[in-house]
Asker: 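Structure below; questions to follow.
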There are 2 protein chains.
Amino acid sequence: MPAKRPPIPLTRERIIEAALHIADGQGLRRLTMRRLGDALQVEAMAIYHHLPRGKDALMDALAEHVTAVHAEPAGSWQETARAWCRASRDALREHPGVLALALTKPPKGRAAAAVREQTEQLAEAGLPDAAEAVRALRAYVFGAVAVEVQQSGWADPPGDEGETEPWRPPSRGGGSAAADADFERGLDALLAGLARS
Amino acid sequence: MPAKRPPIPLTRERIIEAALHIADGQGLRRLTMRRLGDALQVEAMAIYHHLPRGKDALMDALAEHVTAVHAEPAGSWQETARAWCRASRDALREHPGVLALALTKPPKGRAAAAVREQTEQLAEAGLPDAAEAVRALRAYVFGAVAVEVQQSGWADPPGDEGETEPWRPPSRGGGSAAADADFERGLDALLAGLARS
DNA sequence: ACCTGAACACCGTTCAAGT
DNA sequence: ACCTGAACACCGTTCAAGT
């Protein structure tokens, strides 16, 4: 018989990765400490050693993961803002299963740090009210992704007919070209509006 | 001893009302069929008679309740759109506890009907691509309410220190005047942008 | 038609115990 | 330090039974 292969050590990162996989594939309501343990080949209780506050900590970590993006300052504040918005949209679209958390939980930790960093970058690039601009930009991205994911029908059958088929992220590759164009067009308009005020 | 007072009959409306009260006061994660039953002075199982698909049906109903708004067509398509957006924002802000559902679940039933009605009104008022406009307007409202509720710290202590103190809707009356102004300003800008395309 | 009671499978979390 | 096993209170849902 083959030797029992040495177990991969449990880490916060592996836990979050597995949790995202479950949430994206089966929905947030089926993300369960016990299921998560199974996916990690471990008893559910082992997770508490890495996330002491349990499921609440897990939810916070998921929201943070999908929301703590980074972008380098570009030439103008407009280009910097554009980079931030694209990065945020990509991160949110990649994990529709935790979108509800991301749109709803106030930013903490690295997510809050990202908001501050973005604000500083825009302020340094000469934008007068950078805090208000960041609020408007975040709102724009949140709304755009929300309607896009809604329209993709991601939450429609939380397990409809056949087997539990994992979900395909909204049009990887082709199809969503229209959504991309809409997003860029709206973003241009918003940036123009922010420049005028 | 006083006569047992006749129980108020259970209805779909009363169930939804009580569920909103719990979700807004203690958060969605504490909205439980059994707790809901307690609030309605009934065994949890009685709810299934009015919502046959159980908790999934309840979630759908909550999203629908907070999302199925109505507005009358006004003079211009701009004024009509403004009325819809204000009504949507008010409805969402009133129930932060189910915001995650509202932003995330695809519209069904009366909510989907409201989207269609809004689209027809704008089309009849002469707006070329009413469907795209409605998507943009919905995205704007969703994003604005999301950041506003985030900033209000609604989800911050899901039970922090003292007792389970019920939550006060974001600045009933005074304080949110700035948020109101931001909302109207952004809405004006969006409407201007939609007119130009 | 409407609600209850008991039951079942599953959930989050604790804690003492193993290594 | 890291993980397990057993235990506890609670959850969603079913089903037969009451009225």
Side-chain angles (χ1 to χ4, degrees), chain A residues 3-19 21-23 25-63 97-98 100-101 105 155 157-160 164, chain B residues 3-19 21-23 25-63 97-98 100-101 105 155 157-160 164:
Chain A
K4 179 168 65 170
R5 70 173 87 79
I8 310 164
L10 205 51
T11 64
R12 221 183 110 98
E13 285 69 40
R14 284 190 62 229
I15 293 171
I16 291 172
E17 196 181 5
H21 186 81
I22 294 173
Q26 328 194 30
L28 203 57
R29 281 208 47 221
R30 309 190 63 144
L31 171 55
T32 256
M33 297 302 274
R34 284 164 146 102
R35 238 189 287 262
L36 185 52
D38 283 355
L40 291 161
Q41 315 253 46
V42 109
E43 296 300 311
M45 304 74 194
I47 297 167
Y48 287 77
H49 217 271
H50 300 261
L51 289 168
R53 272 175 39 260
K55 193 162 192 186
D56 283 340
L58 179 61
M59 299 307 221
D60 285 351
L62 294 176
V98 297
L101 299 177
K105 293 214 167 220
D160 192 30
T164 38
Chain B
K4 179 169 62 171
R5 72 173 86 76
I8 310 164
L10 205 50
T11 64
R12 221 183 110 98
E13 284 71 40
R14 285 191 59 229
I15 293 172
I16 291 172
E17 197 181 5
H21 186 82
I22 295 173
Q26 328 194 31
L28 202 57
R29 281 209 46 219
R30 309 191 61 143
L31 171 55
T32 256
M33 298 301 274
R34 284 164 146 103
R35 239 190 286 262
L36 185 51
D38 282 356
L40 290 161
Q41 314 251 46
V42 108
E43 297 299 313
M45 303 76 196
I47 297 167
Y48 287 78
H49 216 271
H50 300 262
L51 289 168
R53 272 176 38 260
K55 194 162 192 187
D56 283 339
L58 178 62
M59 298 308 221
D60 285 351
L62 293 176
V98 297
L101 299 176
K105 292 214 169 219
D160 192 27
T164 37

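Computed from a prediction, not measured in an experiment: that's the story for all the values here. Sequence lines set the chain letters: A, B, ... in the order given, protein chains first and strands last, and positions in each chain run from 1.
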Asker: Restricting to nitrogen or oxygen on both sides, can you table the protein-nucleotides 11-14 of chain D pairs closer than 3.5 Å?
Answerer:
unit_1, atom_1, unit_2, atom_2, d
D:dC11, OP1, B:R35, NH2, 3.3
D:dC11, O3', B:T32, OG1, 3.4
D:dG12, OP1, B:M33, N, 3.3
D:dG12, OP1, B:K55, NZ, 2.9
D:dG12, OP2, B:M33, N, 2.8
D:dG12, N7, B:R34, NH1, 2.3
D:dG12, O6, B:R34, NH1, 3.3
D:dG12, O6, B:R34, NH2, 3.2
D:dT13, OP2, B:Y48, OH, 2.8
D:dT13, OP2, B:K55, N, 2.9
D:dT13, O5', B:Y48, OH, 3.4

Asker: Is the shortest side-chain heavy-atom distance between A:V98 and A:M59 below 4.5 Å?
Answerer: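 Side-chain contact under 4.5 Å: no.
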
Asker: List in chain and number order the residues that pass salt bridge (Lys or Arg N to Asp or Glu O under 4.0 Å) with B:R29, two or more places apart in sequence or in another chain; answer none if no residue qualifies.
Answerer: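 With neighbours one apart ignored, the set is A:D56.
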
Asker: Rounded to whole Å, please give me the gap between CG in A:D38 and C1' in C:dC10.
Answerer: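 Rounding to the nearest Å, CG of A:D38 and C1' of C:dC10 are 12 Å apart.
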
Asker: Mind calculating the distance between CD1 (A:I47) and C1' (D:dT4) to the nearest angstrom?
Answerer: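 Taking atom C1' of D:dT4 as the reference, CD1 of A:I47 is at 13 Å.
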
Asker: Within a strict 4.5 Å, meaning less than it, do heavy atoms of the B:L10 and B:R14 side chains meet?
Answerer: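 Counting from C-beta outward, B:L10 and B:R14 do come under 4.5 Å.
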
Asker: Could you give the NE2-to-P distance, from B:H50 to C:dC2, as a whole number of Å?
Answerer: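 Checked: the NE2 to P distance equals 6 Å.
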
Asker: Whole Å only: how far is the CD atom of B:E43 from the P atom of D:dG18?
Answerer: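 Those two atoms, CD and P, are 16 Å apart.
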
Asker: Round to the nearest Å and state the distance from A:I15 atom CD1 to D:dC3 atom C1'.
Answerer: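 Rounded to the whole Å, the gap is 12 Å.
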
Asker: Any strand is fair game: report the nucleotide pairing with D:dT14 by Watson-Crick or G-U wobble, both distances under 3.5 Å, or none.
Answerer: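 Pairing partner, where one exists within any strand: C:dA6.
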
Asker: Which nucleotide, in any strand shown, forms a Watson-Crick or G-U wobble pair with D:dT19, with both distances under 3.5 Å?
Answerer: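 D:dT19 is paired with C:dA1.
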
Asker: Compare every heavy atom of A:M33 with every heavy atom of A:L58, then report the nearest pair and how far apart it is.
Answerer: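 Smallest heavy-atom distance, with atoms named: CD2-SD, 4.3 Å.
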
Asker: Less than 4.5 Å apart, any side-chain heavy atom of B:L62 and any of B:L31?
Answerer: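 Yes, at least one pair of side-chain atoms sits under 4.5 Å.
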
Asker: What residues, two or more places apart in sequence or in another chain, satisfy salt bridge (Lys or Arg N to Asp or Glu O under 4.0 Å) together with B:R12?
Answerer: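 Residues passing salt bridge (Lys or Arg N to Asp or Glu O under 4.0 Å) with B:R12: none at all.
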
Asker: Can you tell me the distance, in whole Å, between the CD1 atom of A:I8 and the C1' atom of D:dC3?
Answerer: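 The distance from CD1 of A:I8 to C1' of D:dC3 comes to 16 Å, rounded to the nearest Å.
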
Asker: Just how far, in rounded Å, is P of C:dT19 from CG of A:L10?
Answerer: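 After rounding, the reported distance stands at 20 Å.
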
